[in-house]
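Report on the following structure.
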Amino acid sequence: QVQLVESGGGLVQPGGSLRLSCIASGIIRSINAMAWYRQAPGKQRELVAAITSGGSTNYADSVKGRFAISRDNAKNTVYLQMNSLKPEDTAVYYCNADIRRGYYDSNNDYWGQGTQVTVSS
């Protein structure tokens, strides 16, 4: 019953900005880490940014200083602010969340459907 719904993707010019949002809904007891991944055509999916429930973050080297991940725990939402976008940032971006659905459940990974980000002039 857990669902991750993403929004905010689209077409943007180089140097521009976008903010992605992902809302987790359904039967949820708690959410540990949340993250954004991306996958470009012909390439493997890679971790872009991750954030713990306490707010600790880490980023791929390619996006450090340009992207910022944040979350609103009360809303079960994670954001990815993307600035100074480059053509090489073009990819399908996926939301990921480590979620425990019940008191006796272990955490499991859930994925969004993916949202296209295209950086082009």
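Not measured: the values here are computed from a predicted model.
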Side chain to side chain contact (heavy atoms under 4.5 Å, CB included) between T118 and V12, intermediate numbers included: CA-CA 6 Å; T118 302; V12 65; over 6 Å; no
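- We find the CZ-CG distance between R100 and N32 to be 9.5 Å, quoted to the nearest 0.5 Å.
- Summarising the geometry of L4 relative to A24, their closest heavy-atom pair is CD2-CB, 3.3 Å, with the distance given to 0.1 Å.
- L20 has its side chain within reach of M82: a pair of non-hydrogen atoms, C-beta onward, lies under 4.5 Å apart.
- Contact of the P14 side chain with the P87 side chain is registered, since non-hydrogen atoms from C-beta on lie closer than 4.5 Å.
- For V2, the side chain to side chain contact (heavy atoms under 4.5 Å, CB included) criterion is met by I28, I99, R101, Y110, not counting sequence neighbours.
- Within the structure, the ring-ring contact (aromatic ring centres under 6.0 Å, His included) test picks out the following pairs touching residues 11-52 (sequence neighbours left out): Y37-W111.
- The stretch residues 1-13 participates, sequence neighbours left out, in these side chain to side chain donor-acceptor pair (under 3.5 Å) pairs: E6-Q113.
- Looking at residues two or more places apart in sequence or on another chain, you find a side chain to side chain donor-acceptor pair (under 3.5 Å) between S62 and R38.
- Taking OG of S56 as the reference point, atom CD1 of I69 lies at 11.5 Å (rounded to 0.5 Å).
- Among residues at least two apart or in separate chains, salt bridge (Lys or Arg N to Asp or Glu O under 4.0 Å) pairs with a member in residues 56-65 are D61-K64.
- Within the 4.5 Å cutoff, the side chain of M34 has no heavy atoms near those of the S53 side chain.
- For the pair I31/N73, no side-chain contact is recorded, criterion being any heavy-atom separation below 4.5 Å from C-beta on.
- Interatomic distance, L18 CG to T115 OG1, rounded to the nearest 0.5 Å: 9.0 Å.
- For residues 44-85, no residue pair satisfies the ring-ring contact (aromatic ring centres under 6.0 Å, His included) rule, not counting sequence neighbours.
- At least one donor-acceptor pair under 3.5 Å links the side chain of T90 to the backbone N or O of V119.
- Within the structure, every pair that satisfies the disulfide bond (SG atoms under 2.5 Å apart) test and touches residues 81-121, not counting sequence neighbours, is listed here: C22-C95.
- Atoms CG and CG, from D98 and N107 in turn, are 4.0 Å apart once rounded to the nearest 0.5 Å.
- For S17, the side chain to side chain contact (heavy atoms under 4.5 Å, CB included) criterion is met by Q81, N83, not counting sequence neighbours.
- Screening residues 23-75 for disulfide bond (SG atoms under 2.5 Å apart) gives no qualifying pairs among residues at least two apart or on separate chains.
- Residues passing the salt bridge (charged side-chain N to carboxylate O under 4.0 Å, His left out) test with K43: none are found, sequence neighbours excluded.
- In this structure V92 satisfies the side chain to side chain contact (heavy atoms under 4.5 Å, CB included) test together with Y94, Q116, sequence neighbours excluded.
- In this structure R66 satisfies the side chain to side chain contact (heavy atoms under 4.5 Å, CB included) test together with V63, S84, K86, D89, sequence neighbours excluded.
- L47 is listed as a side-chain neighbour of N58, based on a closest heavy-atom distance under 4.5 Å.
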